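If you're wondering where the values come from, they're calculated on a predicted model, not measured in any experiment. Quick note on labels: first sequence line is chain A, next is B, and so on, each numbered from 1.
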Amino acid sequence: NAGVTQTPKFRVLKTGQSMTLLCAQDMNHEYMYWYRQDPGMGLRLIHYSVGEGTTAKGEVPDGYNVSRLKKQNFLLGLESAAPSQTSVYFCASSYFPTVNNEQFFGPGTRLTVL
Amino acid sequence: AQSVTQLGSHVSVSEGALVLLRCNYSSSVPPYLFWYVQYPNQGLQLLLKYTSAATLVKGINGFEAEFKKSETSFHLTKPSAHMSDAAEYFCAVSVRDYKLSFGAGTTVTVRA
């Protein structure tokens with residue numbers, strides 16, 4: 001099992017450019033999540049999905065969109081990148097239903113917006 | 001809403017010394033609590049979790065944590081630090097839903 005994979009690993013954008021981050025999991029998990037990690041702030045939830053075809057906003061959703069067309073994939077889009085979106089982005093997934101909510105994380109995507 | 005506070009953004013210990021990372025939570029209902037570790041340039045890996053079965057939880061790599069309801073704490077310890085323990089550690093809380101709230105993280109450095 002590859003677990004949770006993320007593409008790309010690194011990316012540099014100019015302000016106003018768009019991009020899509022891809023997350024894939026092969027564990028048949030129902031729940032998937034996108035986080036951003038910034039120094040001193042831990043991980044903050046951007047969007048999440050409780051199943052194929054569903055998405056919901058997390059703590060910091062502004063400037064991002066997501067789609068979950070297939071159960072194994074969760075895409076995070078930036079329509080018009082801003083320097084404030086420079087961060088490390090992590091995708092995670094978890095089983096459903098479970099009460100202990102262990103999440104499995106991908107290796108991250110380091111994004112720089114100039 | 002639940003929240004997590006990790007006391008100390010950086011901890012430096014000598015190899016062989018006790019590692020103690022502090023985590024306090026606020027929650028109106030009994031929480032589930034987690035410690036994750038992040039090695040440099042990697043994703044997060046689960047160290048251990050508290051799900052109400054036992055207050056003292058043992059995890060991987062010799063770490064353990066004790067849930068103390070009266071103190072709303074879930075501190076992480078390891079009796080003897082190893083160089084490989086150098087990493088960032090995150091405490092997280094969930095209250096019976098599918099979302100986690102993370103603390104700001106504590107970076108551990110280990111001195112030879």
Bottom line for A/Arg110: the part with an atom under 4.5 Å from chain B's heavy atoms is side chain
Interchain contact, A/Leu43 with chain B, by part (heavy-atom threshold 4.5 Å): both
Where is the tightest heavy-atom contact between B/Ala104 and A/Gly40, given as atom of each residue plus distance? CB-O, 3.3 Å
Can you hop from [X] to [Y] via hydrophobic side chains spaced under 4.5 Å?
X       : Y        : result
A/Leu13 : A/Val66  : yes
B/Ile60 : B/Tyr50  : yes
A/Leu78 : A/Met32  : yes
A/Phe10 : A/Leu111 : no
B/Val4  : A/Val60  : no

Could you tell me which portion of [X] (side chain, backbone, both or neither) has an atom closer than 4.5 angstrom to a non-hydrogen atom of chain A?
X       : value
B/Glu88 : side chain
B/Leu44 : both
B/Gln38 : side chain

Rounded at 0.5 Å granularity, tell me how far CD in B/Gln45 sits from CZ in A/Phe104. 10.5 Å
Between A/Glu102 and B/Tyr32, is a side-chain contact (heavy atoms from CB on, under 4.5 Å) present by the stated rule, with each step listed? CA-CA 10 Å; A/Glu102 177 178 350; B/Tyr32 292 109; over 6 Å; no
Do the side chains of A/Gln103 and B/Tyr36 get nearer than 4.5 Å, heavy atoms only? yes
Sort out for me which of A/Arg44, A/Glu59, A/Gln37 touches chain B most, counting heavy-atom pairs under 4.5 Å. A/Gln37
Counting only heavy atoms from other residues, nucleotides and ligands, does the tally under 6.0 Å from CD of A/Glu79 exceed 12? no
Under the ring pair (Phe, Tyr, Trp, His ring centres under 6.0 Å) test against B/Phe102, which residue among A/Tyr33, A/Phe90, A/Tyr35 passes? A/Tyr35
